[in-house]
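Notes to accompany the following structure.
This structure is a prediction, so every number in the text was calculated from the model and none was measured. Every number for a ligand or one of its atoms is a count from 1 in the order of the listing.
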Amino acid sequence: MAKKVLDQRFKVLSIETSCDETSVALLDYAERGTQYAVRLRHHETATQIPIHRRFGGVVPEVAARTHVAELVSLLDRAKIISSGKRSTFDAIAVTKGPGLATALRVGVEAARTLAMLTGKPIVGVNHLEGHLASAWLVPENRRRWEFPILALLVSGGHSELVLMRDFCSYKVVGRTRDDAAGEAFDKTAKLLGLPYPGGPEMSKQAKTGNPKAFDLPRPMLKDKSLDMSFSGLKTAVRVLVDKLGLESKHAVRGTRYDLPDLCASIQAAITDVLVEKTIRAAKLHRPKCIIMVGGVSANSELQEKMARCVKAELPDVRMLKPPSGFYTDNAAMIAAAGLWRLRKGKTDAWKKLDAEPELDL
Ligand code: KG4
Ligand code: ZN
């Protein structure tokens, strides 16, 4: 039996600093019998995207320094220590990994300091579990939430198919063997001269393009395993860009030649693989629900294609989506995952908690 560490009513303060978003949230939890209520009291995210855009990607040292400055302001605005010096939270959840070592350490050290000063319990959260929990932030999803759940977790650093057997109990049933889907978007977008992060830019351009204009590879699509691979796509796009630049006398970079068609074709190749592998995994593992989480799941083409295929091929499976605006990194999802752990009595000793940049699910 898990030991109870908190009352049935408590507030979780959460901190997220794993990459290029600094985020702080306060989540209320109340439990009565088998019923419980969850309410997001406060949530604020400071994005560093405009800062890193100049460099074409995230610069770890710059990210860490910016987190330090932003986190102090965000914690101050969240009023986590009231004027009477009483803390306004009962537990702390902080992203411990995976992510950029220097960036993670900023959040972890701030959280450890708060735990030391207030004596409140602290829990280190796996960022990937945070993404899984993002879909649980929607009240309607919580009502329809039933395990086993199959999650397609697609972000800048990860592309995984995760079978969730219960809260805090996961099995990775498929994963990318090289680049993540977000990386495939970002790297191919860079080849086309689009700004960082490439995913949202490519999705915008693709809206007016023809997805069949260019025949791009769908790696491992026919492969029986649930694994994926996206590095071949990046190479194919590089070859295509060079060829188009030569034949058309228009460099794709700069002139935007064929840009919407190229973007739509790249997006179609990535989303075809993600949808096909998810459907295959669902047929094999028979989940009650499917969730799509992580930055790439904000992609509207992916959402529409997945919804269409699930409806046609798996009519009994429920599709649950995170709230819009919660696909990319945020502290609310870290509070939710922290809550899952706290409800099971899982906490860490602040003296021992450390950043784990290579953490797996
Ligand atoms: O989950 P996330 O915010 O950070 C990580 O944990 O990595 O995901 C960021 C990734 C980036 O690669 C970004 O290009 C991608 O999500 N992304 C998108 C879209 N919005 C964000 N990719 C495709 N379409 C989008 N609309
Ligand atoms: Zn993330």
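Ranking the protein heavy atoms by distance from atom 13 (C) of ligand 1 puts Asp186 OD1, 3.8 Å first. Nearest protein neighbour of atom 24 (N) of ligand 1, counting heavy atoms only, is Asn299 ND2, 3.0 Å. Among all protein heavy atoms, the one lying closest to atom 20 (N) of ligand 1 is Gly295 O, 3.4 Å.
Under the side-chain hydrogen bond (donor to acceptor under 3.5 Å, both in side chains) criterion, Thr113 pairs with no residue, sequence neighbours left out.
Near Ser155, meaning under 4.0 Å from any of its heavy atoms, are these atoms of ligand 1: 1 (O), 5 (C), 6 (O), 7 (O), 8 (O). Interface atoms of ligand 1 facing His127, defined by a heavy-atom separation under 4.0 Å, are 6 (O). Residue contact check: Thr328 has heavy atoms under 4.0 Å from atoms 3 (O) of ligand 1. Close approach of ligand 1 to Gly157 is summarised as follows: ligand atoms under 4.0 Å from at least one heavy atom of the residue are 7 (O). Those atoms of ligand 1 with a heavy atom of Gly156 less than 4.0 angstrom away are 5 (C), 7 (O), 8 (O), 9 (C), 10 (C), 12 (O). Atoms of ligand 1 lying under 4.0 Å from at least one heavy atom of Gly182, given by number and element, are 12 (O). Of all the atoms in ligand 1, the ones that sit under 4.0 Å from a non-hydrogen atom of His131 are 1 (O), 6 (O).
A salt bridge links Lys305 and Glu301; the closest N-O separation between the charged side-chain nitrogens and carboxylate oxygens is under 4.0 Å. The pair Lys187-Glu183 counts as a salt bridge, with a side-chain nitrogen and a carboxylate oxygen less than 4.0 angstrom apart. By the 4.0 Å N-to-carboxylate-O rule, Asp272 lies close enough to Arg218 to be salt-bridged with it. Ion pairing between Glu31 and Arg9 fails under the 4.0 Å rule for side-chain N and carboxylate O. In this structure, Lys234 pairs ionically with Asp179, as a charged nitrogen and a carboxylate oxygen lie closer than 4.0 Å. Using a 4.0 Å cut-off between charged side-chain N and carboxylate O, Arg341 and Glu129 make a salt bridge.
Taking only nitrogen or oxygen atoms, main chain and side chain alike, Phe185 does not reach within less than 3.5 Å of ligand 1. Remark: ligand 1 and Gly199 share an N or O pair separated by less than 3.5 Å (distance only, no angle test). The N/O atoms of Glu183, backbone and side chain alike, include none that comes under 3.5 Å of an N/O atom in ligand 1. Considering backbone and side-chain atoms alike, Asp329 places an N or O below 3.5 Å from some N or O of ligand 1. The shortest N/O to N/O separation between Pro197 and ligand 1 does not fall below 3.5 Å.
For the pair Arg165 and Tyr170, the cation-pi criterion (under 6.0 Å, within 45° of the ring axis) is not fulfilled. Geometrically, Arg142 engages Trp136 in a cation-pi contact defined by less than 6.0 Å to the ring centre and at most 45° from the axis.
Residues Ile49 and Arg53 are in side-chain contact: their nearest non-hydrogen atoms beyond the backbone lie under 4.5 Å apart.
In this structure, OD1 of Asp329 and NE2 of His127 enclose an angle of 90° at the Zn ion (ligand 2), rounded to 10°.
Counting only N and O atoms by type, the side chains of Thr47 and Glu21 include a donor and acceptor under 3.5 Å apart.
Among the atoms of His131, an N, O or S atom falls under 2.8 Å of the Zn ion (ligand 2).
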